[in-house]
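In what follows, a single structure is set out as structure tokens and then discussed.
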4 protein chains.
Amino acid sequence: MQPLSKSEIKRKALIKATVCLVINNGFHAAPMSKIAKMANVSPGTIYLYFENKQDLINKVYLEIKASFAAHAFKDFNEQMTVEEGFKNIWKQIADFKLMQVDEALFLSQCDNTPMIDEESKKEGIKHLQPLLDLWKRGQEQGVIKNCCHYMLYAYTVYPLAFLMNAKQKKDITINEQYIQDAYLMAWDSIKQSK
Amino acid sequence: MQPLSKSEIKRKALIKATVCLVINNGFHAAPMSKIAKMANVSPGTIYLYFENKQDLINKVYLEIKASFAAHAFKDFNEQMTVEEGFKNIWKQIADFKLMQVDEALFLSQCDNTPMIDEESKKEGIKHLQPLLDLWKRGQEQGVIKNCCHYMLYAYTVYPLAFLMNAKQKKDITINEQYIQDAYLMAWDSIKQSK
Amino acid sequence: MQPLSKSEIKRKALIKATVCLVINNGFHAAPMSKIAKMANVSPGTIYLYFENKQDLINKVYLEIKASFAAHAFKDFNEQMTVEEGFKNIWKQIADFKLMQVDEALFLSQCDNTPMIDEESKKEGIKHLQPLLDLWKRGQEQGVIKNCCHYMLYAYTVYPLAFLMNAKQKKDITINEQYIQDAYLMAWDSIKQSK
Amino acid sequence: MQPLSKSEIKRKALIKATVCLVINNGFHAAPMSKIAKMANVSPGTIYLYFENKQDLINKVYLEIKASFAAHAFKDFNEQMTVEEGFKNIWKQIADFKLMQVDEALFLSQCDNTPMIDEESKKEGIKHLQPLLDLWKRGQEQGVIKNCCHYMLYAYTVYPLAFLMNAKQKKDITINEQYIQDAYLMAWDSIKQSK
DNA sequence: TATGAATGAGCGTTCATTCAT
DNA sequence: AATGAATGAACGCTCATTCAT
């Protein structure tokens, strides 16, 4: 792996600082000056890397969405059966949401908020294409219910955001069995009953 | 029904304005001055009804959460079977989320954001008790999967927020059939398979 | 003594509340609303008794100044010798400053601050005429130094404000002996040495 | 003497503006915006130099108190006799109060008002230590009356504030003779009579 | 007389953004 | 490329004052 260039380090530090501040107190408690301080950078420097605050937020969103997708699909291949593939992807998504808590919380906030440009949101969705393709295959094979992708997403991936939030607030604790139970609920909700 | 007092009218107008601005642009783009203007009131007047901005947001949240719960349980009674009862409540929730779009969007933002005091969130959850009780009964009867309420909520109610968002952005259109499909997915995910 | 009329009671309550709030936190921490609350009166009512806040403050000042003068001269008569008379007045002034702490603190703040209209200050000074006359007599008799009244005041009455402040902050405690010492210093500073 | 840095110039300008506005209209009529304008600075800039308005006022007070003390003791040395030393210090204090009118008026307002933190007041008093030491020496030598420092201060230094106020309002005019008379009154009031 | 809800100008303060260095 | 002092518009909020009741 190539070592990151100095400026790439700064960029990453800015992104990390943004995520950290936003998830803890929300957009309005993440001033540029604090982001700069936390990234060990001067406020002015941010504007060498990002056009303005909105651009910064958008870029952070897209970057994290990309890393989320990379994680989701890292073990998946199209030779898998639909059920195998879905389980594989779902578990990786769960893994991401529960291990990369900060990033996942950030995405959850963005997705339920007018914080991000609609355009960037659209852009971020594209990363999920392999999952949509898999679902399509599943529907053609009669394995998965014949409903739109939004619905499939709503009942399989989206619930994880809720569980992640609950875990964050220490309302629940999550172990392997818990994940497995959650997976079964996701699968039960979308699989085609005979 | 009693006519609202003049001051109750103002209070309602302030709440409505808050919801409207927050859902369109987020907490940080809903300044008190705009809320006042939209409610046809002077900025100072807000502080006759609410202690400060945080209090305003909290109260709006709680008020809407209460009206949400009232809607959810309005036709429910405890003589219903678990499945009947769940279907009844779920459909009312769906109805609320899809008809009272603004209020529902507001709740969704609050629930995925550090916008609201943790205390008010806890307060807001209490309204759901009848649903939790119903689930408990279902679990005792072996009709509903034996998992924690957070999970049951995550896979039945929470997905509606995602669908509501999608509808709002005109990504999907929702009709009776769509609702029925969604209901089945919710039920399939939590019902105890034999 | 005649019982105070209802409206005179309110007036007095307003004056007392004003004094109380101003001495504790200064003019800027004595809003009309708090004054009204402390006087058990509605904010609007204040404006039936006083033109505006400045007028209220001025009137409070003048009223207290008058009561201060009444106290100062209550036992004095012009048959007294200059030294007797001065001692008598000075002790009464000391008594006022140390017993009617709130009123005295209020006067001290007013006299060292642009809080009061210059006109009202001028008005307030008139009450001291008997003391000035006494001084004049003393100077004519060669008993008191031949300097202007401002100077005599500065070295006899004004120092009490400092001692009163110190007492208020519990930096010193004051008893009869202390008063007597202070009196001697006042007298020593103005008496004509042979 | 080193030229002041650009930021030191701004700091001084802010302090000067604060003094000017406060002495003319009081704390409550010295808004940050006016202070900024008078210092030829934008409102936000104040907060680069001072934490908030209270901090600004405190710092101004302490800075002036220090310069006051520096002036008071600039010619004094401990080899002087008590009377010499006292006269020296007293005259310098008088000089400061009558020449640096604005600063002196500011101190007078602060010392008779709850404008300044108690803590800062305590801090400001420390500067007077040499005078207190001198008084102690005088008392040990039987030259000065055996009373507490507060009293000595009340009858020697504090009266100057009153004269200064009177001069400011053009009630009196002050010349060398006047100063000398005032000095004698101060000395007469505290010196031990045989 | 007396009220107190309502006003809105103005406060102290923050912060996204710029620009001279 | 990087800085950080400076900006000033805009924020949340207060409060002297008014006026319909």
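Proteins come first, then strands; the chains are lettered A, B, ... in the order of their sequence lines, and each starts at number 1.
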Round to a whole Å and report the spacing from [atom1] of [X] to [atom2] of [N].
X     : N      : atom1 : atom2 : value
A:K53 : E:dT14 : NZ    : C1'   : 11 Å
A:L14 : F:dT3  : CG    : C1'   : 14 Å
D:D55 : E:dG12 : CG    : P     : 14 Å
D:H28 : F:dC15 : NE2   : C1'   : 12 Å
B:K34 : F:dA9  : NZ    : C1'   : 13 Å

| note | Each base of DNA chain F marked ( ) or [ ] if paired in-strand (Watson-Crick or G-U under 3.5 Å), | if paired to another strand and . if unpaired gives .||||||||||||||||||||
Answer yes or no: does a side-chain N or O of [X] lie under 4.0 Å from OP1 or OP2 of [N]?
X     : N     : result
C:K10 : E:dA2 : yes
D:S42 : F:dA6 : no
C:T45 : E:dT3 : yes
B:Y47 : E:dT7 : no

| Toward the 5' end of DNA chain E, by each residue's nearest nucleotide, A:N52 or C:K6 | C:K6
Compare the minimum distances between each of [options] and the side chain of [X], then state the nucleotide with the smallest one.
X     : options                : value
A:P31 : E:dG12, F:dA16, E:dA16 : E:dA16
A:L48 : E:dT7, F:dA1, E:dT17   : F:dA1
C:P43 : E:dG4, F:dC13, E:dT13  : E:dG4

| query | Once you round to the nearest 0.5 Å, how far does CG of A:N52 lie from CE of A:M32? | reply | 7.0 Å
| said: I'd like to know if the side chain of A:E123 and the backbone of A:L62 have a donor-acceptor N/O pair within less than 3.5 Å. | reply: no
| Side chain D:D117, main chain D:E119, donor-acceptor under 3.5 Å | no
| said: Per the salt bridge (charged side-chain N to carboxylate O under 4.0 Å, His left out) rule, what does the pair list look like for residues 107-116 of chain B, sequence neighbours excluded? | reply: B:K65-B:D111
| request: Using a 4.0 Å heavy-atom cut-off across all strands, classify D:Y49 as base, sugar-phosphate, or nothing. | output: sugar-phosphate
| field | Verdict with supporting geometry, C:K59 and C:E51, salt bridge (charged side-chain N to carboxylate O under 4.0 Å, His left out) | value | CA-CA 10 Å; C:K59 295 272 171 62; C:E51 274 175 52; 5.3 Å; no
| said: Are there over 12 heavy-atom neighbours, none belonging to B:K169, within less than 6.0 Å of that residue's NZ? | reply: yes
| message | I'd like to know whether NZ of B:K53 has more than 12 heavy-atom contacts from other residues, nucleotides or ligands below 6.0 angstrom. | response | yes
